[in-house]
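First the proteins, then the strands, lettered A, B, ... as listed; each starts at 1. Because the structure is predicted, anything quoted here is derived from the model rather than measured.
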Amino acid sequence: MRYSQLLLPTLKEVPADAEIVSHILLLRAGFIRKLTAGIYSYLPMGLAVIRKVENIVREEMNRAGAQELLMPMVQPADLWVETGRYKKYGPELLRFRDRHDRESCLGPTHEEVITDIARKELHSYRDLPVNLYQIQTKFRDEIRPRFGLMRGREFIMKDAYSFDVSDAAAEVSYRKMYDAYKRIFSRCGLDFRAVQADSGAIGGSFSHEFMVLAKTGEDTIVVCNTCEYAANMEKAVVKLRIGASTETLAELKKVETPGKRKVDAVCDFLGIGPEKLVKTLVFMADGKPVAVLVRGDREVEEVKLKNLLGVADVEMADDLEVFNATGVPTGYLGPVGIAIRVVADQEVAAMQNFYVGGNEKNYHLQNANLGRDFQVEAIADLRQITTTDPCPECGGALSLTEGIEVGHVFKLGTGYSQSMNATFQDSDGQEKHFVMGCYGIGVSRVVAAAIEQNHDENGIIFPVPLAPCTVIILNLGGKDEKLTAVAEKLYKDLQEAGIEVLLDDRDERPGLKFKDADLLGIPYRLTIGNSYAKSGKVEVRRRRDAVIEEMTPDEAVTNLSDRITAELRK
RNA sequence: CGGGGCGUAGCGCAGCCUGGUUAGCGCGCCUGCCUUGGGAGCAGGAGGUCGAGUGUUCGAAUCACUCCGCCCCGACCA
């Protein structure tokens with residue numbers, strides 16, 4: 001590629017509507033441009049990076065035995081009605097009618113379509129296992145798109161679906177994808193963790209998220225310092241340490257707490273620690289109030305609550321909703337005699353003689369006890385894990401980090417094959433439902449995540465496998481024919497050595513070329529300038545550590561090609 | 001959808017509060033000269049329905065109302 005002929009509009013200034021590094025740098029480096037909220041065009045160099053990721057994904061998927069196909073983006077609503085998701089999916093699913101007034105939607109994911117293919121084309125256990133994948137543009141009408149490629153409404157995703165004869169076979173397919181994902185993200189040069197996303201009621205871990213570690217990550221993940229345990233904060237299992245207490249149950253007493261509403265204020269006033277107090281929080285679960293009991297110094301994990309209640313949405317109730325539901329002002333709410341559903345965190349069930357709200361303004365209750373003074377509908381792990389909690393696997397210490405979810409593997413079971421009646425005939429002659437799995441990778445998000453993890457104040461620092469090209473040649477000779485000839489020869493020689501190279505042949509001053517080369521993040525820079533006239537040597541500089549070596553042009557070609565192949569082989 | 005903010009040249013912004021010449025500045029772009037190892041300099045030039053509509057006014061980028069778009073904070077997810 002010749003820079004002079006490339007659409008590569010770099011920006012000196014930081015675009016106003018970009019917040020995080022990857023977004024800023026993708027715009028500044030001329031890789032993407034925004035069309036409208038959450039929807040971007042990939043300019044040539046940006047697309048080159050996307051292709052790099054796609055190819056790595058493709059190679060590893062194929063290696064794992066998956067087959068590529070391509071499904072339609074426009075899908076008939078009927079299919080979604082079959083699985084019940086046409087109602088369930090919500091406004092994120094973009095729906096529309098075609099000219100014949102047929103209900104349609106843009107595919108945010110493809111379980112329905114792939115299951116339709118399976119039920120039509122796969123009939124025998126002999127056809128299984130099968131794993132089909134595609135790399136395609138998805139559309140999800142996100143409530144709030146943000147951060148450039150990180151959370152777009154339109155984005156490129158690799159989605160794969162496996163079909164197996166049995167649970168055990170599906171687990172083998174799952175494991176294959178899990179391993180393939182590890183290889184994919186390693187090859188992309190990313191620092192990542194595979195974290196447990198849902199241990200579910202079944203036990204076992206059938207869903208993992210692949211998280212790239214970066215401060216700008218939208219998810220918090222919990223990592224064990226000693227064992228391999230890693231989980232999304234939302235799902236991290238809190239291991240209860242407190243055994244049944246030996247404390248004898250004391251008499252329930254009403255205590256006055258005038259004007260004391262917050263946990264801190266109540267504890268100060270009563271001279272107790274927050275671990276002796278249980279707070280009663282009200283959530284609106286699909287619009288209906290539910291009281292949740294947690295220890296005074298704990299936070300409710302809404303995802304856990306949502307899963308326990310089996311509802312689509314939970315939200316903290318506001319003061320008015322609380323009052324309307326219970327007749328008690330916030331701050332004095334308690335489980336004793338409360339009028340709404342109550343669930344409790346497991347920790348509360350292990351506590352004795354604690355303080356709770358008195359369900360009356362300016363009063364709390366002392367020596368409350370679950371079972372004796374009030375009942376709850378369920379006792380479960382409902383609170384957020386903290387770094388003072390032990391690892392649920394080995395009991396070791398935990399730490400928290402931020403992560404960007406770039407991949408997700410999920411064992412689906414027979415949910416879709418049942419609702420869509422997708423069956424095959426097994427070796428015993430029985431009709432059985434396919435056991436399915438699905439596996440996603442956010443291809444465009446990988447690019448953003450890679451930049452979040454690989455940049456400095458001057459711009460992007462691409463890992464070699466993701467770089468749009470691996471070498472940029474800077475001809476600083478201007479109109480000097482000798483230097484230009486050297487640059488042109490290097491350009492040709494490198495290409496012949498199979499290296500992707502960008503030749504900056506623009507009639508620009510050196511400073512500008514240096515700045516652009518750094519911004520673009522191309523791993524190696526080859527400079528032909530004044531020193532060549534003196535010593536006959538060109539300069540090879542590595543972007544990541546700015547280490548410079550001087551050598552003859554011929555040496556540069558072999559040197560670069562050796563280093564690049566070595567890095568690609570890693 | 002709730003809360004906060006923004007919309008003036010390709011990009012970044014000033015002007016608006018307190019209405020009044022021809023709407024400015026930096027970068028970028030075009031022409032010429034000059035310059036060539038870290039975003040040079042000089043000279044000249046092009047480029048604007050001031051997001052849209054309605055209203056107030058002798059007069060609106062500026063005031064009011066409505067709409068649209070975009071960004072940030074929350075629920076969603078690759």
Side-chain angles (χ1 to χ4, degrees), chain A residues 9-20 23 27-28 30 33-39 53 57 89-93 108-110 135-160 181 185 197 209-212 217-219 232 234 283-284 302-303 306 312-316 318 403-410 438-449 458-459 474-480 483 506-519 525 527-534 538-539 541 546 548:
Chain A
T10 56
L11 262 27
K12 195 190 290 189
E13 285 172 284
V14 177
D17 55 5
E19 189 91 341
I20 61 169
H23 190 194
L27 287 168
R28 283 196 57 211
R33 284 296 182 259
K34 186 173 71 182
L35 213 214
T36 182
I39 300 184
V53 177
V57 168
Y89 216 92
E92 207 176 303
L93 179 67
T109 176
H110 281 67
I135 297 175
Q136 191 212 31
T137 297
K138 293 274 187 279
F139 189 91
R140 292 183 190 171
D141 203 354
E142 291 280 343
I143 302 161
R144 190 155 87 82
R146 60 183 140 177
F147 300 151
L149 295 191
M150 202 68 97
R151 179 181 294 276
R153 294 150 81 204
E154 211 181 89
F155 58 99
I156 300 172
M157 177 168 155
K158 187 277 323 182
D159 48 326
Y181 273 38
F185 298 122
E209 290 169 342
F210 287 78
M211 296 281 193
V212 168
E218 294 183 89
D219 290 280
N232 194 312
E234 295 173 346
F283 287 82
M284 302 304 282
E302 296 188 14
V303 172
K306 200 161 95 175
D313 179 60
V314 295
E315 219 175 313
M316 191 82 161
D318 60 34
I404 300 164
E405 186 186 354
V406 289
H408 201 159
V409 292
F410 206 93
C438 73
Y439 318 93
I441 290 179
V443 172
S444 38
R445 186 181 278 182
V446 165
V447 174
N458 295 314
L474 300 195
N475 175 18
L476 303 186
K479 285 170 186 121
D480 185 320
L483 296 191
R506 295 174 300 169
D507 183 20
E508 292 289 355
R509 299 169 58 83
L512 188 142
K513 293 190 174 190
F514 288 135
K515 288 290 183 188
D516 275 341
D518 283 351
L519 178 60
R525 188 182 83 188
T527 309
I528 300 120
N530 290 339
S531 55
Y532 180 77
K534 288 176 211 137
V538 295
E539 174 189 300
R541 177 181 183 266
I548 290 173

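- Of the nucleotides present, none pairs with B:U49 by Watson-Crick or G-U wobble criteria with both distances under 3.5 Å.
- If you check B:A78 for Watson-Crick or wobble pairing at under 3.5 angstrom, you find it has no partner at all.
- Nucleotide B:G39 has no partner under the Watson-Crick or G-U criteria, as no pair reaches both atom distances under 3.5 Å.
- Looking at heavy atoms from C-beta onward, A:Phe514 lies out of side-chain contact with A:Asn458 at the 4.5 angstrom threshold.
- If you take atom C1' in B:C33 and the same atom in B:U62, they sit 43 Å apart, rounded to whole Å.
- Base pairing of B:C63 is made with B:G55, judged by Watson-Crick or G-U wobble geometry with both donor-acceptor distances under 3.5 Å.
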Distances under 3.5 Å between nitrogen or oxygen atoms of protein and nucleotides 33-39 of chain B:
unit_1, atom_1, unit_2, atom_2, d
B:U35, O2', A:Arg509, NH1, 3.4
B:U35, O2, A:Arg509, NH1, 2.8
B:G37, OP2, A:Asn530, ND2, 3.2
B:G37, N7, A:Asn530, N, 3.3
B:G37, O6, A:Gly529, N, 3.3
B:G37, O6, A:Ser531, OG, 3.3
B:G37, N1, A:Glu539, OE1, 3.0
B:G37, N2, A:Glu539, OE1, 2.6
B:G37, N2, A:Glu539, OE2, 3.0
B:G38, O6, A:Arg525, NH1, 2.9
B:G38, O6, A:Arg525, NH2, 3.2
B:G38, N1, A:Asp518, OD2, 3.1
B:G38, N2, A:Asp518, OD2, 2.5
B:G39, O2', A:Lys12, NZ, 2.9
B:G39, O6, A:Arg28, NH2, 2.7
B:G39, N2, A:Asp516, OD1, 3.2

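- Straight-line distance between the C1' atoms of B:G48 and B:A23: roughly 9 Å, to the nearest whole Å.
- For B:A14 and B:C67, the P atoms lie 26 Å apart once the distance is rounded to whole Å.
- One atom, CG of A:Asp17, and another, C1' of B:C13, lie 14 Å apart when rounded to the nearest Å.
- In this structure the side chain of A:Thr137 never reaches within 4.5 angstrom of the side chain of A:Phe139, judged on heavy atoms.
- Applying the ring-ring contact (aromatic ring centres under 6.0 Å, His included) rule to A:Phe210 yields the partners A:Tyr178, A:Tyr181, A:Phe185; only residues at least two apart in sequence or on another chain are considered.
- Look at B:G7: its Watson-Crick or wobble partner, with both distances under 3.5 angstrom, is B:C68.
- Rounded to the nearest 0.5 Å, atoms NZ (A:Lys515) and CZ (A:Arg509) are 14.0 Å apart.
- A 4.5 Å side-chain heavy-atom check between A:Met157 and A:Gln136 finds every atom pair outside the cut-off.
- Taking atom P in both B:U22 and B:C50, the straight-line distance is 15 Å, to the nearest Å.
- Across every strand in view, B:U21 sits unpaired, with no contact that passes the Watson-Crick or G-U test at under 3.5 angstrom.
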Query raised in the report: Which letter, B, S or -, goes with each nucleotide of nucleotides 73-78 of chain B from 5' to 3', with contact meaning a protein heavy atom under 4.0 Å?
Result: BBBBBB
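- B:A75 and B:G20 have their C1' atoms separated by 50 Å, given to the nearest Å.
- When the P atom is used for both B:A64 and B:G74, the distance is 31 Å, rounded to whole Å.
- In this structure B:G44 sits in a base pair with B:C30, meeting the Watson-Crick or G-U test at under 3.5 Å.
- Residue A:Thr36 places at least one side-chain N or O under 4.0 Å from the OP1 or OP2 atom of B:C70.
- Across B:G32 and B:C63, the matching P atoms stand 45 Å from one another, rounded to whole Å.
- Remark: B:G2 base-pairs with B:C73; criterion is Watson-Crick or G-U wobble with both hydrogen-bond distances under 3.5 Å.
- Each of A:Arg151, A:Met150, A:Met211, A:Glu218 was evaluated against A:Ile404; a single residue qualifies, A:Met150, per the side chain to side chain contact (heavy atoms under 4.5 Å, CB included) test.
- Every residue two or more places apart in sequence or in another chain was checked for a side chain to side chain donor-acceptor pair (under 3.5 Å) with A:Lys513, and none qualifies.
- Only the P atoms considered, B:G47 is 23 Å distant from B:C42, to the nearest whole Å.
- Atom CD of A:Glu13 and atom C1' of B:A9 are 14 Å apart (whole Å).
- By the side chain to side chain donor-acceptor pair (under 3.5 Å) test, A:Glu302 is found to be paired with no residue, residues two or more places apart in sequence or in another chain being considered.
- Scored by the side chain to side chain donor-acceptor pair (under 3.5 Å) test, A:Glu508 finds no partners at all (sequence neighbours excluded).
- In terms of heavy atoms, A:Ala160 sits closest to A:Lys158 at CB-NZ, 3.6 Å.
- Within the nucleic acid shown, A:Lys34 comes within 4.0 Å of sugar-phosphate atoms alone, with no base atom in reach, counting heavy atoms only.
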